[in-house]
Protein chains: 2
Amino acid sequence: MGALDEHDRAILRLLRQDARMSNAALAQAIGLSPSACLRRLRLLERRGVIRGYTVVLDEPSPREGVVVIVQITLERQTDEHLRRFEEAVRRCPEVRECYLMTGLADYLLRVEARDAADYERIHKEQLSRMPGVARIQSSFAIRAVIRGA
Amino acid sequence: MGALDEHDRAILRLLRQDARMSNAALAQAIGLSPSACLRRLRLLERRGVIRGYTVVLDEPSPREGVVVIVQITLERQTDEHLRRFEEAVRRCPEVRECYLMTGLADYLLRVEARDAADYERIHKEQLSRMPGVARIQSSFAIRAVIRGA
DNA sequence: GTTGAAAATAGCGCAGA
DNA sequence: TCTGCGCTATTTTCAAC
């Protein structure tokens, strides 16, 4: 049931590049009729393969921003709790990386903010409001020696 | 020039949640006519504020290898010690990111290895031999939710 | 920023391989 | 079951105000 065929993969590949392209253009690109293409798309959404669509914003120039390593502990570690938290974290553009970890904390995040005040906003408005969050521990990077994306 | 007003921010906030929502719905949500809303959207795209749109998938594109978050404490934090350590860490290709941190540990690294045995080799032959290293604490990532470079 | 009209698109039922 | 076709409501897009 969980198998994606060639058409499904083509849909995902194209939408990754431009999620706002019309279904008509999408259909033509993969060589299907618009209705067949749309039906596949809705099925991918309903199956949960596609969680949503988001805008890619212009990133603040990497030298200016401040990097914060955030360790987050959830109240519970059930599949449902993990799933809901991850869904929220994927929608937060300031979170550049996120790993489910072994050890004390559940998640390790790399967050990029413009400055300390901006991080305070992200902490208050985004991180602390994510579902199931029990504890947030933030460590500021003084300097990047080797920088990620 | 670079000022985003309340309407622009509303557009970005809504598109972050669902980039495929229709311009008509977007316009209604922010209280503007569809054409005014679309003009703002196109302007945000042309200005580069909006870089693009992508689909949020259930799983990040799978890549091979295991991610290990490594916290390293140095024996001393003098400039010379930091410099020599950083020089060594830059030469180690398995270290994908490295930050000088506030808090308990001095450095936080993201290391990518092929598997656990490969990480053991990196730990033994590279990390533990870096100059001035007092303590190495490794945490394995179970899964990448949002993946870095 | 708004209105309105024309073109394009989405979304749905239905029939066929 | 999945595809393609036709139809209608909705949406996009552009012009004029």
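In the text below, chain A, chain B and the rest are named by the order of the sequence lines, each starting its count at 1.
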Q.
If hydrophobic clusters are built by linking Ile, Leu, Val, Met, Phe, Trp and Tyr wherever their side-chain heavy atoms come under 4.5 Å apart, do B:Leu26 and B:Leu12 end up in the same one?
A. yes
Presence of salt bridge, B:Arg96 and A:Glu97, under 4.0 angstrom:
no
To the nearest angstrom, the CG-C1' distance between B:Leu32 and C:dT3 comes to 14 Å
- Task: Count the heavy atoms belonging to other residues, nucleotides or ligands that lie under 6.0 Å from CZ of A:Arg121, then report whether that count exceeds 12.
- Result: yes
Per-helix bend value, the helix from C:dG1-D:dC17 to C:dA17-D:dT1, C1' rotation axes over five pairs per end, 10° rounding, shows 30°
Assert: residue with more 5' nearest nucleotide on DNA chain C, out of B:Ser33 and A:Pro34, is B:Ser33
Taken to the nearest whole Å, CZ/B:Arg20 to C1'/D:dT12 is 14 Å
Could you pull out every donor-acceptor pair under 3.5 Å between side chains of residues 69-78 of chain B and any protein atom, sequence neighbours left out?
residue: B:Gln77; atom: NE2; partner: B:Leu74; partner atom: O; Å: 3.4
residue: B:Gln77; atom: NE2; partner: B:Asp106; partner atom: OD1; Å: 3.4
residue: B:Gln77; atom: NE2; partner: B:Asp106; partner atom: OD2; Å: 3.0
residue: B:Thr78; atom: OG1; partner: B:His81; partner atom: N; Å: 3.2
residue: B:Thr78; atom: OG1; partner: B:His81; partner atom: ND1; Å: 2.8

A:His7 NE2 to D:dC2 P, in whole Å, measures 13 Å
- [ ] Using atom types as modelled and distance alone, determine if a side-chain donor or acceptor of B:Arg9 lies under 3.5 Å from a backbone N or O of B:Leu4.
- [x] yes
B:Asp5 meets the side chain to side chain contact (heavy atoms under 4.5 Å, CB included) criterion, sequence neighbours left out, with B:His7, B:Asp8, B:Arg40
Cluster question for you: counting only ILVMFWY and a side-chain heavy-atom cut-off of under 4.5 Å, with indirect links fine, are B:Val145 and B:Val66 together? no
Whole-Å distance, A:Glu45 CD to C:dG11 C1', equals 13 Å
Report task. State plainly whether the residues A:Arg83 and A:Glu87 are in salt-bridge range, i.e. N to O under 4.0 Å. Result -> yes
Exercise. Please check if atom CZ in B:Arg16 has more than 12 non-hydrogen atoms from other residues, nucleotides or ligands closer than 6.0 Å.
Key: yes
Using side-chain heavy atoms (C-beta onward) and a distance below 4.5 Å, is A:Leu108 in contact with B:Ser139?
no
Tabulate atom names and distances for all N/O pairs under 3.5 angstrom spanning the protein and nucleotides 12-17 of chain C.
none

So the ring-ring contact (aromatic ring centres under 6.0 Å, His included) pairs with at least one residue in residues 84-118 of chain B (sequence neighbours excluded) are B:Phe85-B:Tyr107
Numerically ordered, the residues 22-31 of chain A set in heavy-atom contact under 4.0 Å with DNA chain D is none
Whole-Å distance, B:Met21 CE to C:dA10 P, equals 16 Å
